[in-house]
Participant: 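One structure coming up, written as structure tokens, with questions to follow.
In listed order, ligands and their atoms are each counted from 1.
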Amino acid sequence: MKPVFAALIDALGESSLIHGPEVAQRATSYWDPSPTRAQAIVKPRDTAQVSAALAICHRFGQAVVTQGGLTGCARGADTTPDEVILSLEWLNAIEAIDTVAGTARVQAGVTLQSLQEAARERDWLFALDLGARGSCTIGGNIATNAGGINVLRYGMMRNLVLGLEAVLADGTVLSNMDEVLKNNAGYDLKQMLIGTEGTLGIVTRAVVRLHPLPATCQAALVALRSFEEVTALLKQMQRDLAGTLSAFEVMWNSYFAAATVPGGHRPPMDRTYPFYVMLQAEGADPDTDARRFEGLLEAALERGLIIDAVIPRSEAERRALWEVRENFESILKNRKTYLYDVSLPLRHMADYADSVRERVLARWPRARCIQFGHIADGNLHLFVQPESDDADHAACDEAVYEPLLPFGGSVSAEHGIGLEKKDWLARSRNQADLAVMRSIKRALDPKNILNPGRIFDT
Ligand code: ZN
């Protein structure tokens, strides 16, 4: 046995280390069913064990990849055969919920959905929400600064973290489990760690912010003729719903039509409209909120701003509408798909989306270019399905990213860089930024053992 494994077993116990053929019994990720390739899987039970494991790996120069729910979209947690996986699956406790101030103290391996449910049981809302809620973990949400569908009202993960505990490459525990929003005593180290995809430290615990659970929820699926009208509706709803609009999810026809083919979702309205928006508001007054929301939609219909609308009449109907937007398994099934997640100023988004589609179709005439996103955040998702044997990933990247750069866009709105977008990072961040990122990485992880080669090469 390699000395590093003997030392890990010595420190954490036999049951905390999986090695040999058992490692390959795990799938690489949610997106990739092929067997995991890694030297071993280490499963610490608490922060002290994460610290002990990293101190050992640091001593031996052993590369470590942190894994949570494995739903990341940038291959940041995929491993090579010589790496060791540090899985946070046993750090899965919700330690405390403070119902006075509205905070929760959680371990990194807690799934997003279990935190949402625990908060809801106590009449509080944990506002981060995304399709992978059942599998993704709070640690992963922090490592990638997750966004999702409620960002326009509540912000990204970064805005919801009050305190953080993380273990650095040499085993040092940085513990700043603040429970208050304001703390300006020196550098904000937690914000420096959030969104670094496990390259600077391993998040073990956090204090997150909760919001009062809204008393009412209004949702609708609407159809529009043009992207200009989509942005006009967004502006109007943000103004007239006075801060209660929590989701505004746009689907180009390419998305909606693909999600509602036979074998997919039942189409809740005509499948031929150019644009669809799933919108949701959460308010405080059961007597007036629904009337106000529906009144605004009626007025928009009368003015011709929207051309069709479906308002769910039950929780089951509301969930079914959301399924169209959130569950895209049927679109991905049996097709080679490249996923993209870009951001750019809203005023350029329609032109950009058109230009990507034109490029993709010019190159691969049978291709599908499927577009949707959280446009209030400037965030556009794309699925490119070239439907052609000569389409490689790099060529698709070019078709998507080349037209993005002149618009001042980012190659990652919320998925991170991982291994997947590394080649494009230098094209979307300037040299000074990259130099500072590298010097921070070298200072905190001098032996380059934490998620090495993710985001950038040192
Ligand atoms: Zn998203």
Side-chain angles (χ1 to χ4, degrees), residues 29-31 68-77 111-113 116 126-138 140-160 194-195 197 219 221 227 230-231 234 245-252 254-256 258-259 265 275-280 321-332 337-346 349 352-353 356 369-385 400-401 404 409-418 420-421 424 428:
S29 72
Y30 171 81
W31 305 100
L70 291 176
T71 56
C73 299
R75 293 198 299 121
T111 64
L112 173 57
Q113 188 169 341
Q116 289 173 335
F126 182 59
L128 186 84
D129 199 17
L130 51 137
R133 62 181 76 80
S135 311
C136 68
T137 62
I138 298 301
N141 297 150
I142 293 171
T144 55
N145 184 26
I149 57 181
N150 289 336
V151 173
L152 91 140
R153 180 162 173 187
Y154 298 102
M156 299 180 289
M157 193 60 179
R158 186 183 290 294
N159 306 95
L160 299 170
I194 295 170
E197 303 181 47
L221 176 70
F227 193 78
V230 170
T231 57
L234 172 63
L245 183 67
S246 56
F248 192 90
E249 294 292 308
V250 180
M251 293 164 269
W252 271 247
S254 57
Y255 178 94
F256 191 87
H265 302 290
F275 291 92
Y276 299 81
V277 175
M278 183 71 206
L279 62 161
Q280 187 157 296
L321 288 183
W322 269 110
E323 275 284 296
V324 176
R325 162 60 186 84
E326 289 195 319
N327 183 347
F328 35 72
E329 297 281 327
S330 63
I331 298 180
L332 304 183
T337 307
Y338 299 115
L339 275 64
Y340 297 95
D341 158 49
V342 303
S343 63
L344 72 162
L346 197 48
M349 195 175 280
Y352 168 69
V356 171
C369 184
I370 291 166
Q371 296 156 320
F372 60 106
H374 327 283
I375 64 144
D377 318 327
N379 185 174
L380 178 70
H381 290 311
L382 300 106
F383 295 155
V384 178
Q385 298 177 326
V400 172
Y401 294 141
L404 178 68
S410 165
V411 297
S412 174
E414 58 183 10
H415 293 167
I417 296 295
E420 180 117 357
K421 301 181 183 178
W424 286 86
S428 70

Participant: Is the closest side-chain heavy-atom distance between L332 and W31 below 4.5 Å?
Facilitator: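 The answer is yes, as the side chains (C-beta and beyond) meet within the 4.5 Å cut-off.
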Participant: Using a cut-off of strictly less than 2.8 Å, determine whether D341 has an N/O/S atom near the Zn ion (ligand 1).
Facilitator: no
Participant: Using ring centroids (six-membered ring only for Trp), state whether F328 and F383 fall under 6.0 Å.
Facilitator: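 Ring centroids of F383 and F328 are less than 6.0 Å from each other.
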Participant: At the Zn ion (ligand 1), what is the angle formed between atom OE2 of E414 and atom NE2 of H374, rounded to the nearest 10°?
Facilitator: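 Taking the Zn ion (ligand 1) as the apex, the two atoms subtend 100°.
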Participant: Mind checking whether Y276 and F256 have parallel, tilted or perpendicular rings, split at 30° and 60°?
Facilitator: parallel
Participant: Could you tell me whether R75 and E197 have a side-chain N and a carboxylate O separated by less than 4.0 Å?
Facilitator: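 No.
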Participant: Tell me whether H381 has at least one N, O or S atom under 2.8 Å from the Zn ion (ligand 1).
Facilitator: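 It does: H381 brings an N, O or S atom closer than 2.8 Å to the Zn ion (ligand 1).
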